[in-house]
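Have a look at the structure below, then the notes.
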Amino acid sequence: MDTQQEIKSEKKIARLISDITQPPVVSIPIFAIINYVLLGFNNSLVITMICWIFGAFLPITTSLILIRKMHTDLDITDRTKRTLPLFFAVCSYLIGFLVLLSMGAPALTTALMFIYSSNTLIILFINLSWKISIHTMGVAGPAVVLTYLFGILGLLFGLLIPLVMWSRVELKKHTISQVLDGCLAGIVLTYVQLYFILPLV
(Lines give C-alpha, C1' and ligand atoms only; values in the text may rest on other atoms or scores of the structure.)
Protein backbone atom coordinates (compact mmCIF):
# COMPACT_ATOMS: atom_id res chain seq x y z
CA MET A 1 0.00 0.00 0.00
CA ASP A 2 2.82 2.39 0.90
CA THR A 3 4.51 1.58 -2.40
CA GLN A 4 1.37 2.48 -4.33
CA GLN A 5 1.06 5.77 -2.44
CA GLU A 6 4.70 6.57 -3.16
CA ILE A 7 4.15 5.90 -6.85
CA LYS A 8 1.09 8.15 -6.87
CA SER A 9 3.00 10.89 -5.04
CA GLU A 10 5.87 10.68 -7.52
CA LYS A 11 3.42 10.92 -10.41
CA LYS A 12 1.80 14.00 -8.86
CA ILE A 13 5.17 15.68 -8.38
CA ALA A 14 6.19 14.78 -11.92
CA ARG A 15 2.90 16.16 -13.23
CA LEU A 16 3.36 19.42 -11.35
CA ILE A 17 6.92 19.88 -12.63
CA SER A 18 5.80 19.09 -16.15
CA ASP A 19 2.90 21.55 -16.02
CA ILE A 20 4.91 24.52 -14.73
CA THR A 21 7.80 23.95 -17.15
CA GLN A 22 5.81 24.18 -20.36
CA PRO A 23 7.98 26.45 -22.59
CA PRO A 24 5.42 29.29 -22.82
CA VAL A 25 4.93 29.16 -19.04
CA VAL A 26 8.69 29.26 -18.46
CA SER A 27 8.95 32.30 -20.74
CA ILE A 28 6.81 34.38 -18.33
CA PRO A 29 9.36 34.71 -15.49
CA ILE A 30 12.33 34.56 -17.90
CA PHE A 31 11.27 37.62 -19.90
CA ALA A 32 10.23 39.45 -16.72
CA ILE A 33 13.64 38.88 -15.11
CA ILE A 34 15.62 39.85 -18.20
CA ASN A 35 13.61 43.02 -18.83
CA TYR A 36 13.71 44.05 -15.16
CA VAL A 37 17.49 43.68 -15.03
CA LEU A 38 18.07 45.51 -18.31
CA LEU A 39 15.43 48.24 -18.04
CA GLY A 40 14.34 48.54 -14.42
CA PHE A 41 10.78 47.97 -13.20
CA ASN A 42 8.93 51.00 -14.65
CA ASN A 43 10.66 51.00 -18.03
CA SER A 44 10.22 47.25 -18.49
CA LEU A 45 6.44 47.02 -18.00
CA VAL A 46 5.34 47.58 -21.61
CA ILE A 47 8.10 45.44 -23.12
CA THR A 48 7.37 42.64 -20.66
CA MET A 49 3.64 42.75 -21.48
CA ILE A 50 4.49 42.41 -25.18
CA CYS A 51 6.72 39.43 -24.34
CA TRP A 52 3.95 37.80 -22.30
CA ILE A 53 1.35 38.29 -25.03
CA PHE A 54 3.40 36.77 -27.85
CA GLY A 55 5.61 34.49 -25.78
CA ALA A 56 2.99 32.96 -23.50
CA PHE A 57 -0.65 34.06 -23.84
CA LEU A 58 -1.10 33.45 -27.57
CA PRO A 59 0.85 30.16 -27.76
CA ILE A 60 -0.99 28.80 -24.71
CA THR A 61 -4.41 29.97 -25.88
CA THR A 62 -4.07 28.60 -29.42
CA SER A 63 -2.70 25.30 -28.07
CA LEU A 64 -5.63 24.89 -25.67
CA ILE A 65 -8.13 25.60 -28.44
CA LEU A 66 -6.46 23.08 -30.77
CA ILE A 67 -6.14 20.49 -27.98
CA ARG A 68 -9.87 20.73 -27.39
CA LYS A 69 -10.68 20.44 -31.09
CA MET A 70 -8.33 17.50 -31.57
CA HIS A 71 -9.60 15.75 -28.41
CA THR A 72 -6.09 15.13 -27.14
CA ASP A 73 -4.36 15.50 -23.77
CA LEU A 74 -2.57 18.64 -22.57
CA ASP A 75 0.83 17.13 -23.39
CA ILE A 76 -0.34 16.29 -26.93
CA THR A 77 1.23 12.88 -26.45
CA ASP A 78 0.39 11.91 -30.02
CA ARG A 79 3.32 13.36 -32.01
CA THR A 80 1.25 13.69 -35.19
CA LYS A 81 -1.09 16.17 -33.49
CA ARG A 82 1.67 18.57 -32.47
CA THR A 83 2.23 20.21 -35.86
CA LEU A 84 -0.52 22.85 -35.76
CA PRO A 85 0.08 24.02 -32.16
CA LEU A 86 3.80 24.29 -32.93
CA PHE A 87 3.11 26.20 -36.15
CA PHE A 88 0.93 28.77 -34.38
CA ALA A 89 3.52 29.12 -31.63
CA VAL A 90 6.21 29.82 -34.25
CA CYS A 91 4.01 32.52 -35.78
CA SER A 92 3.29 34.11 -32.39
CA TYR A 93 6.97 34.20 -31.41
CA LEU A 94 7.97 35.57 -34.80
CA ILE A 95 5.41 38.38 -34.65
CA GLY A 96 6.56 39.10 -31.10
CA PHE A 97 10.14 39.35 -32.33
CA LEU A 98 9.16 41.83 -35.04
CA VAL A 99 7.17 43.93 -32.57
CA LEU A 100 10.05 44.00 -30.08
CA LEU A 101 12.49 44.87 -32.85
CA SER A 102 10.32 47.78 -34.00
CA MET A 103 10.00 49.05 -30.40
CA GLY A 104 13.74 49.04 -29.81
CA ALA A 105 13.49 46.49 -27.00
CA PRO A 106 16.72 45.29 -25.36
CA ALA A 107 18.83 43.17 -27.72
CA LEU A 108 18.78 40.14 -25.41
CA THR A 109 14.98 40.24 -25.09
CA THR A 110 14.52 40.58 -28.84
CA ALA A 111 17.06 37.84 -29.57
CA LEU A 112 15.38 35.48 -27.10
CA MET A 113 11.98 35.95 -28.75
CA PHE A 114 13.58 35.14 -32.11
CA ILE A 115 15.22 32.07 -30.57
CA TYR A 116 11.85 30.89 -29.25
CA SER A 117 10.51 31.14 -32.80
CA SER A 118 13.44 29.45 -34.54
CA ASN A 119 13.84 26.69 -31.94
CA THR A 120 10.12 25.93 -32.12
CA LEU A 121 10.34 25.79 -35.92
CA ILE A 122 13.22 23.32 -35.63
CA ILE A 123 11.17 21.26 -33.18
CA LEU A 124 8.27 21.29 -35.65
CA PHE A 125 10.43 19.76 -38.39
CA ILE A 126 12.04 17.23 -36.03
CA ASN A 127 8.59 16.30 -34.75
CA LEU A 128 7.52 15.21 -38.22
CA SER A 129 9.61 12.08 -37.79
CA TRP A 130 10.70 11.93 -34.14
CA LYS A 131 9.37 13.08 -30.76
CA ILE A 132 12.04 15.27 -29.16
CA SER A 133 11.32 16.68 -25.68
CA ILE A 134 9.97 20.21 -26.00
CA HIS A 135 10.00 20.61 -22.22
CA THR A 136 13.72 20.00 -21.77
CA MET A 137 14.55 22.12 -24.80
CA GLY A 138 12.32 24.87 -23.42
CA VAL A 139 14.20 24.92 -20.10
CA ALA A 140 17.73 24.40 -21.46
CA GLY A 141 17.47 27.35 -23.87
CA PRO A 142 16.50 29.96 -21.24
CA ALA A 143 19.21 28.52 -18.95
CA VAL A 144 21.78 29.49 -21.59
CA VAL A 145 20.34 33.02 -21.82
CA LEU A 146 20.33 33.50 -18.04
CA THR A 147 23.90 32.22 -17.86
CA TYR A 148 24.85 34.76 -20.54
CA LEU A 149 23.22 37.53 -18.49
CA PHE A 150 24.22 36.53 -14.94
CA GLY A 151 27.26 34.33 -15.43
CA ILE A 152 27.68 31.45 -12.99
CA LEU A 153 24.59 32.57 -11.04
CA GLY A 154 22.49 31.92 -14.14
CA LEU A 155 23.54 28.28 -14.07
CA LEU A 156 21.25 27.80 -11.08
CA PHE A 157 18.28 27.83 -13.44
CA GLY A 158 19.88 24.89 -15.20
CA LEU A 159 19.27 22.81 -12.07
CA LEU A 160 15.69 22.53 -13.30
CA ILE A 161 16.80 20.52 -16.32
CA PRO A 162 17.34 17.16 -14.51
CA LEU A 163 13.99 17.59 -12.73
CA VAL A 164 12.21 18.22 -16.03
CA MET A 165 13.96 15.23 -17.61
CA TRP A 166 12.87 13.02 -14.72
CA SER A 167 9.27 14.26 -14.85
CA ARG A 168 8.88 13.60 -18.57
CA VAL A 169 10.33 10.10 -18.31
CA GLU A 170 8.39 9.36 -15.10
CA LEU A 171 5.13 10.33 -16.85
CA LYS A 172 6.13 8.12 -19.80
CA LYS A 173 5.84 11.06 -22.18
CA HIS A 174 9.43 10.65 -23.42
CA THR A 175 12.32 8.25 -23.45
CA ILE A 176 15.68 9.08 -21.86
CA SER A 177 17.21 9.70 -25.29
CA GLN A 178 14.41 12.13 -26.20
CA VAL A 179 14.90 14.27 -23.08
CA LEU A 180 18.69 14.21 -23.44
CA ASP A 181 18.47 15.29 -27.08
CA GLY A 182 16.00 18.03 -26.15
CA CYS A 183 18.44 19.34 -23.57
CA LEU A 184 21.41 19.22 -25.94
CA ALA A 185 19.46 20.87 -28.75
CA GLY A 186 18.23 23.64 -26.45
CA ILE A 187 21.73 24.44 -25.22
CA VAL A 188 23.55 24.28 -28.55
CA LEU A 189 20.93 26.03 -30.70
CA THR A 190 20.40 28.83 -28.19
CA TYR A 191 24.13 29.43 -27.69
CA VAL A 192 24.85 29.53 -31.43
CA GLN A 193 21.94 31.87 -32.14
CA LEU A 194 22.84 34.22 -29.30
CA TYR A 195 26.36 34.48 -30.70
CA PHE A 196 25.17 35.42 -34.18
CA ILE A 197 21.89 37.28 -33.52
CA LEU A 198 22.76 39.58 -30.61
CA PRO A 199 25.12 41.75 -32.70
CA LEU A 200 22.37 42.18 -35.30
CA VAL A 201 19.57 43.38 -33.01
Inset, instruction - Mark yes when over 12 heavy atoms from residues, nucleotides or ligands other than I152 sit less than 6.0 Å from its CD1; otherwise mark no. - result: no
Legend entry - Nearest-0.5 Å distance that lies between atom OG1 in T62 and atom CG in L86: 10.0 Å
Legend entry - Same cluster (ILVMFWY, side-chain, under 4.5 Å), V37 and L156: yes
Inset, instruction - Could you tell me which non-hydrogen atom of A89 sits nearest to which non-hydrogen atom of P59, and how far apart they are? - result: CB-CB, 4.3 Å
Inset, instruction - May I ask you to check whether over 12 heavy atoms, not counting those of M103, lie within 6.0 Å of atom CE? - result: yes
Legend entry - Common cluster, L159/V26, ILVMFWY with side-chain heavy-atom separation under 4.5 Å: yes
Inset, instruction - Take F31 and Y116, measure what side-chain contact (heavy atoms from CB on, under 4.5 Å) needs, and give me the verdict at the end. - result: CA-CA 12 Å; F31 277 117; Y116 264 104; 3.9 Å; yes
Inset, instruction - Enter the distance from L84:CG to M70:CE here, rounded to the nearest 0.5 Å. - result: 6.5 Å
Legend entry - I176, CD1: over 12 other non-hydrogen atoms inside 6.0 angstrom: no
Inset, instruction - Check L171 against A14 and note the closest heavy-atom contact, atom names and distance. - result: CD1-O, 3.7 Å
Legend entry - Other cluster members, I65 - Ile/Leu/Val/Met/Phe/Trp/Tyr, side-chain contacts below 4.5 Å: none
Legend entry - All ring pair (Phe, Tyr, Trp, His ring centres under 6.0 Å) counterparts of F114, not counting sequence neighbours: F97
Legend entry - 4.5 Å side-chain heavy-atom contact, L38 and L149: yes
Legend entry - Test item: Y36 and F41 side chains (from C-beta on) under 4.5 Å apart, heavy atoms: yes
Inset, instruction - Report yes or no: does T190 contribute a side-chain atom to a donor-acceptor pair with the main-chain N or O of V144 at less than 3.5 Å? - result: no
Inset, instruction - Locate the shortest heavy-atom distance separating Y93 from G55; write the atom from each residue and the value. - result: CE2-O, 3.4 Å
Inset, instruction - Rounded to the nearest 0.5 Å, what's the gap from CD1 on I34 to OH on Y148? Could you check? - result: 11.0 Å
Inset, instruction - Please check if atom CZ in F150 has more than 12 non-hydrogen atoms from other residues, nucleotides or ligands closer than 6.0 Å. - result: yes
Legend entry - Steps toward side-chain contact (heavy atoms from CB on, under 4.5 Å) verdict (L163, S167): CA-CA 6 Å; L163 288 175; S167 73; over 6 Å; no
Inset, instruction - For K11 and E170, indicate whether the former's side chain and the latter's backbone hold a donor-acceptor pair under 3.5 Å. - result: yes
Inset, instruction - Using the rule that two of Ile, Leu, Val, Met, Phe, Trp, Tyr join whenever any of their side-chain heavy atoms come within less than 4.5 Å, decide whether V139 and V25 are in one cluster. - result: no
Inset, instruction - Over all heavy atoms of both residues, which pair between I132 and H174 is shortest? Give the atoms and the distance, please. - result: O-CE1, 3.4 Å
Inset, instruction - Assess whether side-chain contact (heavy atoms from CB on, under 4.5 Å) is satisfied between T175 and V169, documenting all intermediate values. - result: CA-CA 6 Å; T175 63; V169 174; over 6 Å; no
Legend entry - Short side-chain to backbone donor-acceptor contact, N119 and L189, under 3.5 Å: no
Inset, instruction - Check whether any side-chain N or O of T109 sits under 3.5 Å from a backbone N or O of N35 as a donor-acceptor pair, and report yes or no. - result: no
Inset, instruction - Please test D78 against K131 for salt bridge (charged side-chain N to carboxylate O under 4.0 Å, His left out), starting from the C-alpha separation and ending with a verdict. - result: CA-CA 9 Å; D78 184 350; K131 190 180 176 185; over 6 Å; no
Inset, instruction - Please name the pair of heavy atoms, one in V179 and one in T136, separated by the smallest distance, quoted to 0.1 Å. - result: O-OG1, 3.2 Å
Inset, instruction - Compare every heavy atom of A56 with every heavy atom of S27, then report the nearest pair and how far apart it is. - result: OG-CB, 3.9 Å
Inset, instruction - Apply side chain to side chain donor-acceptor pair (under 3.5 Å) to the pair R168 and S18, showing each step before the final yes or no. - result: CA-CA 7 Å; R168 301 306 287 165; S18 184; 2.5 Å; yes
Inset, instruction - Nearest 0.5 Å please: distance from the CD1 atom of I30 over to the CG atom of L146. - result: 4.0 Å
Inset, instruction - Can you spot which of N42, T48, V46 makes a side-chain contact (heavy atoms from CB on, under 4.5 Å) with S44? - result: T48
Legend entry - Reported CG-to-OG1 distance for the pair N127 and T120, which is rounded to 0.5 angstrom: 11.5 Å
Legend entry - Reported CE-to-OG1 distance for the pair M165 and T21, which is rounded to 0.5 angstrom: 12.0 Å
Inset, instruction - Please lay out, stage by stage, how L66 and F87 fare under the test side-chain contact (heavy atoms from CB on, under 4.5 Å). - result: CA-CA 11 Å; L66 289 169; F87 172 76; over 6 Å; no
Inset, instruction - Determine whether I161 and L194 fall in the same hydrophobic cluster, where Ile, Leu, Val, Met, Phe, Trp and Tyr are linked whenever their side-chain heavy atoms lie under 4.5 Å apart. - result: yes
Legend entry - Q178 backbone acceptor or donor facing S133 side chain under 3.5 Å: no
Legend entry - Expected output: side-chain T61 to main-chain L58 donor-acceptor under 3.5 Å: no
Legend entry - Shared hydrophobic cluster for L121 and L112 (ILVMFWY, side-chain gaps under 4.5 Å): no
